[in-house]
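Here's the structure, in structure tokens; my notes come after.
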Amino acid sequence: MAEPTINLEQSFYEVKNYKSPILNWILSTDHKRIGLLYLYSIMTFFVVGALLGLAMKLELIAPGKTIMEAQTYNAAFTFHGIIMIFLIIIPGLPAVFGNFLLPIMIGAKDVAFPKLNLLSWWIYVLGAIVALLSQVMGDGPPDTGWTFYAPYSFKTTSTVLPALIGAFILGFSSILTGLNFIVTIHRMRAPGMTWLKMPLFPWTLYATAWIQLLATPVVGITLLMVIAEKMFQIGFFDPALGGDPILFQHLFWIYSHPAVYIMILPAMGVISEVIPTFCQKTIFGYKAIIASTLLIAFVGYFVWGHHMYTAGMSDTALWLFSLLTFLVAIPSAIKIFNWIATLYKGSINLEIPLYWALGFLFLFMIGGLTGLVLGSVATDVYVHDTSFVVAHFHFVMFGGTGTGFFAALHYWFPKMYGKSYDNTWAKVGFWGFIIGFMMLYMPMFTLGMQGMPRRYFDYLEQFHGGNILSSFGAIILIASLAIVIINLVTSAKRGKKAPKNPWDGITLEWQVDSPPTLENFETIPVVEKGPYDYKK
Amino acid sequence: MINRELIDASNLVAGVDKAFWVILTISFIFLIGLTITMLYFVYKYNKKRNPKATQIEGSIKLEIIWTTIPLALVLLMFYYGWQGYTPVTGDPPDDAMEVTAVARMWSFQFQYENGKKTDTLYLPKDKPVKINMKSLDVIHGLFIPAFRVKSDMVPGRDDMFRWFIPHLEGKFDLFCTEYCGLSHSYMYTSAVVMPEDKFNEWYKDTTKVVIPAGGKPGQAGLGVMKRIGCIACHSSDGSRLIGPSFKGLYNQPKVVIIGKEEKEITADDEYIKRSIFEPNAEIVKGFNKGLMLSYKDQLTDEEIELIIEYLKTL
């Protein structure tokens with residue numbers, strides 16, 4: 001690679017190592033370009049996943065076949081799950097905003113291993129392509145659900161193998177990103193930035209990175225076992241070969257429950273950045289928020305059993321997992337209290353990112369509180385595998401992480417593109433999102449409490465009312481998301497130039513240019529104050 | 001919890017609904033309280049009204065308060081959640097009636113101790129019942145919302161059971177709640193609770209197949225097929241489901257695949273029998289292998305004849 005002279009005062013968009021614009025992106029080791037590569041890949045998949053969700057909801061608008069066959073529906077919810085979980089929400093915030101902002105927020109020029117970082121994106125793309133192959137290969141797209149439960153995943157004639165191999169490959173992308181962030185945070189903080197002077201988004205990325213590093217290998221091994229079983233008939237999980245299907249569930253959830261915290265912790269980090277900035281006030285209980293972040297990451301390893309209350313575990317296991325699940329609720333509650341306390345006596349500048357942060361608080365509270373229903377044995381056994389669980393999961397993952405993602409996007413958009421977006425359309429999009437969201441998922445709680453099982457292509461007449469409401473909510477939600485995304489895309493191209501620090505933030509990213517230069521800082525800053533020290 | 005009439009539909013209902021009530025009430029209070037506080041702060045401390053923020057680092061006292069109070073509350077929820085489940089933990093009472101629920105893609109069958117087999121779960125009122133959970137293929141779930149009863153049915157794990165006491169007469173929905181493939185949403189039946197004397201009368205009648213008087217020819221065969229779940233995968237009107245339709249099948253030529261070779265056969269009595277007992281030996285062209293399980297030892301010769309009688313009418 002030829003090393004042309006790089007003007008360090010230019011924005012990173014102007015730095016060109018290759019003649020081809022595409023190569024400048026896909027071969028760049030700049031953390032900011034890699035972050036944006038992830039953003040564009042993830043948003044592309046998100047559009048597909050969201051439209052699949054809409055198609056499913058339209059199918060459920062009335063009992064009986066509406067717009068698709070049962071097999072298509074089953075493939076749709078499987079594909080929706082695989083895309084949303086493995087391609088979007090697990091890499092999600094760390095890959096996009098972690099990559100773009102972590103080095104800047106801790107006062108570094110890049111991550112510790114820039115080439116490894118680019119490799120992670122390439123592995124992500126490879127994994128995504130392999131997973132997508134399952135849609136076009138063999139005897140039809142997989143219909144197992146994103147959980148790949150044994151022995152159905154062995155019985156089905158649909159093409160499961162590429163999806164499994166894809167998920168396996170994606171795991172490496174996750175592990176490498178986690179590794180990179182851990183080393184970056186340990187080794188590359190600016191002089192003076194002690195652990196307790198580090199902003200909270202990097203803190204959550206740090207906790208997340210440890211989960212990525214430690215939990216992902218478990219699912220990797222599990223998927224490998226399934227692949228071996230499918231290809232060589234080695235009986236791990238299929239009772240027909242002498243295996244144990246419950247073992248699969250244990251292994252799957254030992255990863256997939258901590259994975260839920262991979263998904264939500266960075267969103268909590270975003271909220272912890274947005275709220276102080278728009279209150280012009282130091283965050284309430286900085287250390288308590290850090291402690292709760294680490295506690296969630298730790299206790300989160302020991303609660304996987306609450307996915308399996310009806311799977312035939314012993315009574316002792318039931319109450320133990322239930323107790324631990326209730327305990328993991330506490331650190332999340334502590335965060336909520338601290339965020340709300342931060343609003344107290346702030347000087348609140350109600351801008352779009354704060355709308356999304358408050359939206360996060362509201363939707364995440366509903367998600368968290370309904371999680372208590374699922375932690376308790378008696379109530380979980382009743383609503384397990386009903387649409388109640390689907391509603392809870394979407395409140396936490398979409399209402400929580402998704403809303404956090406949009407908060408991050410609106411908060412750091414001026415920094416990433418040097419442009420401002422249209423406030424009116426952003427507000428319309430936000431309110432449509434909240435209304436559509438509530439209309440889509442609230443009825444699913446009541447449907448679940450009425451006893452409607454999940455992953456249902458068709459349903460009995462008594463479940464019709466709630467489903468109609470839910471389907472209309474989906475239409476509103478998708479329309480609002482379109483408004484939000486179109487607003488951002490057009491603003492990135494044609495928006496007004498944004499000032500360097502539009503929100504008066506004081507973390508380090510607001511002290512660099514918008515968009516940042518290749519090496520972010522002219523000289524590496526020396527940190528003397530705490531991250532949210534607004535005392536002037 | 002939706003229908004108050006069902007408050008005592010089984011010995012689980014009261015405890016489960018109490019746990020719901022405790023958790024949802026506390027949650028609702030927190031949600032409303034915190035949301036209002038949040039919106040009030042956003043209004044009250046808007047920069048127009050409060051141009052300068054007061055810097056507050058935190059408060060150890062508050063952190064302790066809002067750690068211990070929620071901790072106490074979740075422990076309370078944990079307690080009610082576990083209490084609500086204890087009526088059915090451990091072994092069932094000695095006088096419990098045993099029923100074995102057998103699930104397959106995509107039907108339930110209930111086998112009673114006297115050899116009676118049904119597609120609907122019949123239960124005596126106020127008597128403990130132990131349901132053994134058995135699955136022949138993939139994981140299914142048995143869920144009777146009205147009774148708050150749910151258990152997975154795991155193939156290869158024949159020791160699983162759930163016991164409870166139904167207290168309310170009537171007909172209740174019974175769903176499969178573990179996703180099990182194409183017709184998962186059609187895998188449902190009913191649980192019928194009858195007074196004990198009426199149940200005993202029904203129970204004693206072990207005539208395997210009831211031929212309805214004056215019924216159309218073949219109706220008895222249709223009854224057998226409904227009971228063992230054939231119609232979940234095979235239509236009677238020519239439409240394509242998982243397996244080939246029964247319409248226009250009997251004594252007609254069919255192309256089947258044996259191993260890897262195609263062969264034309266006639267769907268005669270012998271073929272139908274083979275297809276029921278060894279469903280994967282000869283696969284009708286265009287359909288998939290491995291989806292149907294053998295019905296060996298589950299049907300008598302007499303019943304097979306009834307099935308064939310029914311197929312003749314299509």
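Computed over heavy atoms, backbone and side chain alike; hydrogens, waters and symmetry mates excluded. Residue numbers begin at 1 in each chain, while the letters A, B, ... track the order of the sequences.
Within the 4.5 angstrom heavy-atom criterion, only side-chain atoms of A:Ile330, from C-beta onward, approach chain B. Heavy-atom distances place no part of A:Ala240 under 4.5 Å from chain B, backbone and side chain included. For A:Phe77, the part sitting under 4.5 Å from any heavy atom of chain B is the side chain, from C-beta outward, and nothing else. With a threshold of 4.5 angstrom between heavy atoms, B:Asp137 approaches chain A through its backbone and through its side chain. With a threshold of 4.5 angstrom between heavy atoms, A:Thr379 approaches chain B through its backbone and through its side chain. Contacts between B:Met105 and chain A at a heavy-atom distance below 4.5 Å involve the side chain alone, from C-beta outward. For A:Asp139, no part sits under 4.5 Å from any heavy atom of chain B, backbone or side chain. When heavy atoms are compared at a cutoff of 4.5 Å, B:Ile139 approaches chain A by way of both its backbone and its side chain. Residue contact with chain A, scored on non-hydrogen atoms closer than 4.5 Å, involves the backbone and the side chain of B:Glu57 alike. A:Thr144 touches chain B through its backbone: at least one of N, CA, C or O sits under 4.5 Å from a heavy atom, while the side chain does not. Within the 4.5 angstrom heavy-atom criterion, no atom of A:Glu69 approaches chain B. The contact between B:Glu178 and chain A is made by backbone and side chain atoms together, counting heavy-atom distances below 4.5 Å. For a residue to count as touching a neighbouring chain, one of its non-hydrogen atoms must lie under 4.5 Å from one of that chain's; by this rule B:Phe143 touches chain A with the side chain only. For B:Leu75, the part sitting under 4.5 Å from any heavy atom of chain A is the side chain, from C-beta outward, and nothing else. Contacts of A:Ile366 with chain B are made by both backbone and side-chain atoms, with heavy-atom separations under 4.5 Å. Contact of B:Met160 with chain A is made through the side chain alone, with heavy-atom distances under 4.5 Å. In this structure, chain B has no heavy atom under 4.5 Å from any part of A:Tyr459. Within the 4.5 angstrom heavy-atom criterion, atoms from both the backbone and the side chain of B:Val42 approach chain A. Using a 4.5 Å cut-off between heavy atoms, B:Thr86 does not touch chain A at all. Of the two parts of B:Tyr188, only the side chain, counted from C-beta on, holds a non-hydrogen atom closer than 4.5 Å to a non-hydrogen atom of chain A.
Under the 3.5 Å distance criterion, with hydrogens and angles disregarded, no donor-acceptor pair is assigned to the side chains of B:Gln55 and A:Asp533. At a cut-off of 3.5 Å, with distance as the only test, no side-chain donor of B:Asp17 or A:Tyr382 sits close to an acceptor on the other residue.
Among the candidates A:Ile283, A:Ile348, A:Ile340, A:Leu354, the single residue satisfying the side-chain contact (heavy atoms from CB on, under 4.5 Å) test with A:Ile275 is A:Leu354.
With a 6.0 Å radius and a threshold of 12 heavy atoms from other residues, nucleotides or ligands, A:Lys287 has its NZ atom at or below the threshold. No more than 12 heavy atoms of other residues, nucleotides or ligands lie within 6.0 Å of OH in A:Tyr344, so this atom counts as exposed by the packing criterion. Applying the 6.0 Å contact sphere to OH of B:Tyr79 captures no more than 12 heavy atoms from other residues, nucleotides or ligands. Around atom NZ of A:Lys155, more than 12 heavy atoms belonging to other residues, nucleotides or ligands sit under 6.0 Å away. Sparse packing is recorded around NZ of B:Lys18, with 12 or fewer heavy atoms of other residues, nucleotides or ligands lying under 6.0 Å away.
The cationic atom of B:Arg49 (NZ for Lys, CZ for Arg) lies less than 6.0 Å from the six-membered ring centre of B:Tyr43 and within 45° of the ring axis.
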After noting the C-alpha distance and the side-chain angles of A:Thr310 and B:Asp152, does the key distance pass the side chain to side chain donor-acceptor pair (under 3.5 Å) rule? CA-CA 6 Å; A:Thr310 64; B:Asp152 290 0; 2.8 Å; yes
Please assess B:His167 against B:Ser10 for the test side chain to side chain donor-acceptor pair (under 3.5 Å), listing each intermediate value before the final yes or no. CA-CA 5 Å; B:His167 285 311; B:Ser10 84; over 6 Å; no
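The candidate from A:Leu369, A:Asp380, A:Leu372 with the greatest count of non-hydrogen atom pairs under 4.5 Å with chain B is A:Leu369. Per-residue heavy-atom pair counts under 4.5 Å with chain B were compared for A:Gly242, A:Ala311, A:Gly368, A:Ser314, and the maximum is reached by A:Ala311. The greatest number of non-hydrogen atom pairs below 4.5 Å with chain B, out of A:Leu460, A:Asp458, A:Asp143, A:Ile334, is found for A:Asp458. Ranked by heavy-atom pairs under 4.5 Å with chain B, the first of A:Asn338, A:Thr386, A:Leu318 is A:Asn338. Among B:Phe28, B:Trp82, B:Trp66, the residue with the largest count of heavy-atom pairs under 4.5 Å with chain A is B:Trp66. Annotation: maximal heavy-atom pairing with chain A below 4.5 Å, among B:Phe147, B:Tyr85, B:Tyr45, occurs at B:Tyr45. For chain A, the option among B:Thr35, B:Ile56, B:Ile26, B:Leu12 with the highest count of heavy-atom pairs below 4.5 Å is B:Ile56. Each of A:Gly312, A:Ala341, A:Ala70 has some count of heavy-atom pairs under 4.5 Å with chain B, and the biggest count is that of A:Gly312. Among A:Thr325, A:Thr370, A:Leu358, A:Leu361, the residue making the largest number of heavy-atom pairs under 4.5 Å with chain B is A:Leu358. Contact tally against chain A (heavy-atom pairs below 4.5 Å) for B:Gly84, B:Pro70, B:Gly181: the top residue is B:Gly181.
With ring centers used as reference points, A:Tyr152 lies under 6.0 Å from B:Tyr179. Under the 6.0 Å cut-off for aromatic ring centres, B:His184 and A:Phe457 do not qualify, their centroids lying 6.0 Å or more apart.
Within the 3.5 Å criterion, the main-chain N or O of B:Thr54 finds no donor-acceptor partner in the side chain of A:Tyr534. Within the 3.5 Å criterion, the main-chain N or O of B:Gly90 finds a donor-acceptor partner in the side chain of A:Asp315.
Ring orientation note: the planes of A:Phe278 and A:Trp503 are tilted relative to one another, at an angle of 30° to 60°.
Taking every heavy atom of both residues into account, B:Val192 and B:Lys171 meet most closely at CG2-CG, 3.8 Å.
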